[in-house]
Q: 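Dropping a structure here in structure tokens format, bear with me for questions.
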Amino acid sequence: MNAYASCGLVSKAQIIFSQISNKNLVTWTILLSGLTKNGRFLEAVDVFYEMVVLEIRPNEITISSILPAFGKLGRVLLGKSVHCYWIRSNFSDNVFVETGFVDMYSKFGCMKIARNVFDNMSVRNVVSWNAIISGYSENRCGEEALRMFNWMRRKGLFGDIFTVMSLISLDDFTVGSRIHGFIVRSGYENDQLIKTALMGLYINGSFVNDAYRIFEEIKKKDLIAWTLMLRGFSKSGNWRRAIEHFNEMMGEDKIMLDSVSLITMLSGCSCSGALQQGRRVHALLIKSGFQDDIFVGTAVIDMYANCASMRDAKMYFEWMADKDVACWNALISGYGMIGCGNEAIDTFLKMRNSGLSPDESTLVSVLCACSHAGLVQQGLQIFDQMAEVWNLIPSSKHYACVIDLLSRSGQVNDAYSLMKRMHLQPGVEMYSSLLTACKIHRNFELGDEISRELIQLKPNDAGQYVLLSNMYALAGNWDCARMTRISLKLSNLKKIPGLSSIEINGEMFTFMASQTDHPHYLEIKEFLEGLILKIEAAGYEPDTNSVHLDVSDDVKKDILFQHSEKLAIAFGLMRTKPGTVVRITKNLRICSDCHTASKFVSKVYARVLTIKDANRFHVFGDGVCSCKDWW
DNA sequence: TTAGGGTTAG
């Protein structure tokens with residue numbers, strides 16, 4: 001049994017176990033440890049219960065084998081009762097069991113208890129130290145993790161590869177560089193797992209090129225390294241590279257895609273709006289047998305929803321045999337983003353009828369959908385029912401949705417007082433909703449008050465300065481607008497540049513405003529000049545109010561015509577056949593002049609345009625937008 | 001017969 005279990009053939013071990021007529025504690029324990037060693041925690045807990053029922057009293061070996069299952073499954077009560085049993089039974093000190101408890105409580109997030117067990121241990125080895133260090137690390141107590149690491153070193157223990165992994169997973173760059181020397185001295189620098197973990201550290205810190213350098217150093221790149229690098233390209237918005245990387249990865253021998261790599265690629269397609277690549281991945285996952293995977297399925301629904309293809313999203317959803325809350329959430333938020341508020345609410349009701357209980361994200365998606373569709377009454381009603389009907393305490397995300405809902409409908413004062421009344425710390429997104437609404441509804445007095453609070457709350461956010469400066473500009477208060485711009489420059493904060501992307505024949509093209517060095521700049525410029533003339537003839541007037549700079553109207557127009565959205569629209573019209581949908585993704589919110597221009601383009605060129613911005617979808621057709629100008 | 005590590009959606 002042990003031989004089979006040790007090389008991953010637990011089922012064989014189970015067969016032998018069932019054939020043993022005189023089972024004893026040792027045979028039971030081998031089965032148990034075989035299951036936990038192979039990640040079959042649920043079955044391990046079942047076996048443990050069976051032992052309890054049969055009154056087979058576990059010894060220290062049995063207990064140290066089952067504890068990882070409790071930790072991984074979050075079985076807090078069961079874990080605690082076994083801890084009580086251990087104390088009551090007066091077992092002698094055992095480093096395996098005690099370390100197991102430290103690890104288990106760490107996984108429960110109970111660091112105080114974990115530390116207490118650790119402090120009371122009479123013997124500790126490297127594994128015990130690693131358990132407490134990684135516990136602090138996983139529970140985001142970096143300082144404490146480092147303190148324990150230093151204490152361990154003072155005790156004369158060097159630490160091993162697991163110690164290094166815990167410190168890397170602190171995801172703290174300063175720590176990363178501080179322990180680099182330790183990594184080199186320890187000789188683990190060339191370990192593949194360490195390299196992968198370091199890649200993750202770089203990617204999370206947005207140093208994608210550094211991550212790629214490590215990736216290239218890895219001689220035998222495994223699926224995890226490939227997937228992590230894919231996430232790196234995708235997370236940094238380098239979608240062209242992401243798609244190339246994925247294709248390259250599929251060409252590698254001995255690489256078999258798994259659900260994680262598929263989900264990572266689908267998530268990239270979802271963020272970028274790469275529908276054609278998304279469809280390819282959809283076909284690929286069916287070919288590789290992942291059609292019944294509920295995680296992959298949710299990622300497919302999310303991808304189609306984020307590519308404005310709700311028909312495909314719904315089709316996949318209906319086709320899925322097993323659905324959990326996340327699948328429903330993906331569909332609901334899809335309807336919300338595209339402005340189909342009633343469909344979102346309908347789907348929400350259907351989900352409840354199917355017997356599933358909504359979770360926090362469900363309610364965020366539904367409230368957000370109401371906000372996008374301007375369904376004020378329905379949104380407020382759902383918000384009021386949250387606590388009573390679904391036993392969900394509104395989080396700051398829910399408040400943010402409702403504040404947005406009220407603000408946009410013009411009830412800015414109500415929204416402001418709701419924010420002041422709630423028992424949570426107001427977040428930046430709430431202030432942003434209020435400030436944008438103050439701008440739209442020209443409530444400059446409240447806008448001024450809100451902006452003061454906002455700058456105090458988050459003085460280091462460039463976006464807030466821009467918003468504030470834009471509001472001053474709209475109010476004609478150029479002095480304040482200029483001052484705000486100057487303080488932004490002085491503070492050295494960088495605002496995120498607006499980028500618009502479009503996928504043409506599976507290739508991604510990204511544009512930045514006034515980017516004259518773009519390889520397609522000249523042909524786009526020429527096309528765009530003709531486009532502007534055509535839509536002007538149809539009645540388009542450039543909205544120079546969208547340019548928040550104190551310059552002449554001609555310069556303002558020049559700036560407007562170089563917006564990244566317009567460059568992408570022009571490129572899309574140039575490179576796609578008449579009748580096809582032009583799909584664009586923008587990382588920030590669409591500007592109001594580009595919104596107006598898109599409506600005219602859809603009419604003059606008889607094309608459907610979809611623009612996904614940071615907030616929602618705009619579908620332009622025959623001179624109108626699906627958002628009904630509500631955004 | 002016993003404990004610990006790198007990748008993933010909403």
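Note on naming: letters A, B, ... go to the chains in the order of the sequence lines (proteins, then strands), and numbering restarts at 1 for each one.
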Q: With distance as the sole criterion, do the side chain of A/S65 and the base of B/dT2 form a donor-acceptor contact below 3.5 Å?
A: no

Q: Give a yes or no on whether a donor-acceptor pair under 3.5 Å exists between the nucleobase atoms of B/dA3, that is its base, and the side chain of A/N125.
A: yes

Q: For A/E189 and B/dG5, what is the distance between atoms CD and P respectively, to the nearest whole Å?
A: 23 Å

Q: B/dA9, OP1 or OP2 - any side-chain N/O from A/S267 closer than 4.0 Å?
A: yes

Q: Check the distance between B/dA3's P and A/E98's CD and give it to me in whole angstrom.
A: 16 Å

Q: If only atom types and distance count, is the side chain of A/Y105 paired as donor or acceptor with the main-chain N or O of A/M111 below 3.5 Å?
A: no

Q: Please work out whether the ring planes of A/F317 and A/W328 are parallel, tilted or perpendicular, with thresholds of 30° and 60°.
A: perpendicular

Q: Between B/dT8 atom P and A/L285 atom CG, what is the distance in whole Å?
A: 19 Å

Q: Between A/D302 (CG) and B/dT8 (C1'), how many Å, whole number?
A: 12 Å

Q: In whole Å, what is the span from the CZ atom of A/F118 to the C1' atom of B/dA3?
A: 14 Å

Q: Using whole Å, what does the distance between atom P of nucleotide B/dT1 and atom CG of A/N59 come to?
A: 12 Å

Q: Using the rule side-chain hydrogen bond (donor to acceptor under 3.5 Å, both in side chains), only one of A/R311, A/K314, A/H282 pairs with A/Y304; which is it?
A: A/H282

Q: Please report, rounded to the nearest Å, how far the C1' atom of B/dA9 is from the CG atom of A/D359.
A: 12 Å

Q: Heavy atoms only, 4.0 Å cut-off, all strands: where does A/L228 land among base, sugar-phosphate and nothing?
A: sugar-phosphate

Q: What's the CD1-P distance between A/I224 and B/dT8, to the nearest Å?
A: 10 Å

Q: Below 4.0 angstrom from OP1 or OP2 of B/dT1, is there any side-chain N or O of A/K37?
A: no

Q: Do the side chain of A/Q192 and the main chain of A/K220 share a donor and acceptor less than 3.5 angstrom apart?
A: yes

